[in-house]
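Report on the following structure.
Protein chains get the first letters and strands the later ones, always in sequence-line order, with residue 1 at the start of each. Everything numeric in this text was worked out from a predicted model, so none of it was measured. When reading the values below, keep in mind they use all heavy atoms of this one structure, side chains included, and skip hydrogens, waters and symmetry mates.
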There are 2 protein chains.
Amino acid sequence: MARKQGSHAETTGPKVREAALHLFARHGFAAVSMRQIAKEVGVQAGALYLYTPDKQTLLFDLMQGHMEHLLASWQVPEGTPAAQLEGFCRHHIRYHLDRPELVFIAYMELRNLESENFAVIEGLRKRYEDQLEGILRAGQASGAFAVADTKIATLAIIAMLTGVNTWYREGGRLARSDVEGIYWDMVRKSVSA
Amino acid sequence: MARKQGSHAETTGPKVREAALHLFARHGFAAVSMRQIAKEVGVQAGALYLYTPDKQTLLFDLMQGHMEHLLASWQVPEGTPAAQLEGFCRHHIRYHLDRPELVFIAYMELRNLESENFAVIEGLRKRYEDQLEGILRAGQASGAFAVADTKIATLAIIAMLTGVNTWYREGGRLARSDVEGIYWDMVRKSVSA
DNA sequence: CCGCTATTTGAACAGGTGTTCAATTCGCCT
DNA sequence: AGGCGAATTGAACACCTGTTCAAATAGCGG
């Protein structure tokens with residue numbers, strides 16, 4: 001046997017990435033085999049290598065795509081530091097709740113990246129953190145905020161906001177906008193003067 | 001060949017748990033083989049099964065031991081809710097900075113637990129969260145705190161505090177007591193009335 | 001120094017790993 | 001209708017996986 005009915009690179013390629021996304025998120029990169037991914041796509045393992053050079057690259061592409069899309073999805077707007085901070089918090093929560101699998105992978109699978117790939121993802125992550133730190137520094141300078149250390153405050157806020165993904169489930173007690181509001185309220189007070 | 005020189009169950013047993021701890025933390029449960037653990041201990045793979053029934057139990061025992069020790073290490077003291085909250089925050093940071101590998105494993109390897117084991121660990125985790133939520137509820141009732149939702153505030157605070165493990169390195173810019181103070185300051189304000 | 005038990009080896013089992021590639025078939029263009 | 005290239009198979013490679021167990025040796029009490 002060889003080529004299958006209805007086979008096209010434009011459909012199989014995305015299917016491979018999607019299957020990898022779901023399986024990596026559910027079971028973890030190391031616990032998922034190329035044959036499992038192939039089975040989910042409906043293809044033999046060898047065919048995957050038409051769409052990725054290897055398993056590592058499959059992981060890296062998912063993470064890099066996520067981080068670059070995250071960075072492209074928001075810029076610091078004009079306005080007061082407080083308004084900028086609110087925009088950041090709401091966007092962070094919205095964006096993260098929209099793609100829990102990618103977020104989970106980007107956080108949990110860092111240690112499975114080869115060192116060069118790791119450096120790339122860390123660079124992107126740093127750029128994201130720098131946006132928040134810039135806001136905090138501006139607020140600190142203007143007297144709107146009072147944080148002891150902008151670097152730590154940055155990491156603390158991001159950790160707190162990203163934590164929403166560990167418990168939020170669609171159709172639960174709270175709507176997304178409620179969640180946004182509750183977290184923003186805590187962040188606002190935590191940096192207040 | 002058979003028994004080795006200087007071999008004693010009391011020394012080999014802990015060595016197995018320690019090797020598993022280091023290797024699971026560095027590479028992840030799924031990526032570490034029993035033969036790697038055995039090599040670190042200085043023993044053949046078969047010998048590990050004198051000290052654990054299987055690989056899964058090795059992971060579970062590490063996580064259960066960690067969570068139970070965490071619960072035993074602190075009780076809510078007498079005092080105002082604010083003082084209780086400060087005690088919780090400072091203890092959480094201190095405890096977590098003292099055993100980064102266990103904390104990392106207990107968080108990252110949840111998905112590698114079989115469902116019964118998972119339920120046990122989740123139960124312990126819930127008991128820990130309940131301590132913090134009790135403090136927040138008391139403060140809310142007395143008017144000392146103003147949080148929109150004590151459950152969310154609990155998870156947000158724990159996520160924020162636990163985040164310290166992702167960046168803190170011994171011998172860095174800040175001493176542990178500085179870190180404690182900075183985080184406590186943010187938490188205090190975030191729940192303030 | 002003997003004998004007993006605690007401790008470990010090393011081979012074996014049945015299967016799984018990522019990856020490559022010649023052979024084969026499908027879809028499309030002329 | 002024919003032929004060509006895109007898409008896929010399936011077998012093979014070399015090795016690793018968790019786990020079991022008979023056989024063998026080390027330590028120790030008498």
- Message: Rounding to an integer number of Å, can you tell me how far B:E10 CD sits from C:dT7 P?
- Response: 7 Å
Check nucleotides 14-16 of chain D against the protein and report each pair of N or O atoms closer than 3.5 Å, with its distance, or say if there are none.
none

- Query: Does the side chain of B:Y95 pick up a donor-acceptor pair with the side chain of B:H69 at under 3.5 Å?
  - Reply: yes
- Message: Could you tell me how far apart B:K4 (NZ) and C:dT5 (P) are, to the nearest whole angstrom?
- Response: 25 Å
- Task: Mind calculating the distance between NE2 (B:H8) and P (C:dT5) to the nearest angstrom?
- Result: 18 Å
- Classify the nucleic acid contact of B:V32 as base, sugar-phosphate or nothing, counting any heavy atom under 4.0 Å across all strands shown. sugar-phosphate
- Interatomic distance where NZ belongs to A:K39 and C1' belongs to D:dT9 [whole Å]: 17 Å
- Task: Mind calculating the distance between CG (B:N112) and P (D:dG18) to the nearest angstrom?
- Result: 12 Å
- Message: What contact category does B:L50 fall into here, base, sugar-phosphate, or nothing, at under 4.0 angstrom with non-hydrogen atoms?
- Response: base
- Message: On DNA chain D, does the nearest nucleotide to A:V43 precede the nearest nucleotide to B:Q5 from the 5' side, or the other way round? Give the residue.
- Response: A:V43
- Message: Between A:H22 and A:E40, do the side chains contain a donor N or O and an acceptor N or O under 3.5 Å apart?
- Response: no
- Sorted by number, residues from residues 51-64 of chain B placing a heavy atom under 4.0 Å from DNA chain C are B:Y51
- Task: Any side-chain hydrogen bond (donor to acceptor under 3.5 Å, both in side chains) involving residues 71-83 of chain B? Give me the pairs, sequence neighbours left out, ordered by first then second residue.
- Result: B:S73-B:H91
- Rounded to the Å, how far apart are A:M34 CE and C:dT20 C1'? 12 Å
- Listed partners of B:F29 passing ring pair (Phe, Tyr, Trp, His ring centres under 6.0 Å), at least two apart: B:F24
- Consider only side-chain N and O atoms of A:H92 and A:Y128, and report whether a donor and an acceptor are under 3.5 Å apart. yes
- Query: Does B:T12 make a side-chain N or O approach to OP1 or OP2 of C:dT8 shorter than 4.0 Å?
  - Reply: yes
- Task: Remember a base hit wins even if backbone is also touched, and classify B:A47 as base, sugar-phosphate or nothing at under 4.0 Å, heavy atoms.
- Result: base
- Among D:dG27, D:dT20, C:dT17, the one nearest any side-chain atom of A:Q36 is C:dT17
- How many Å lie between CZ on B:R3 and P on C:dT7, as a whole number? 6 Å
- B:M108: which other cluster members, linking ILVMFWY side chains closer than 4.5 Å, directly or transitively? A:F104, A:Y107, A:M108, B:F104, B:Y107
- Is any side-chain nitrogen or oxygen of A:Q44 closer than 4.0 Å to OP1 or OP2 of D:dT8? no
- Query: Would B:T154 and B:E129 count as having a side-chain donor-acceptor pair, cut-off 3.5 Å?
  - Reply: no
- Item | Length of the CG-C1' vector between A:L48 and D:dA7, whole Å | 13 Å
- Would you check if the side chain of A:N112 reaches a backbone N or O of A:A30 as a donor-acceptor pair within less than 3.5 Å? no
- Would a distance-only check, ignoring hydrogens and angles, find a side-chain to backbone donor-acceptor pair under 3.5 Å from B:S7 to B:R3? no
- Note on the structure: Applying side chain to side chain donor-acceptor pair (under 3.5 Å) to A:E86 and not counting sequence neighbours gives A:R90
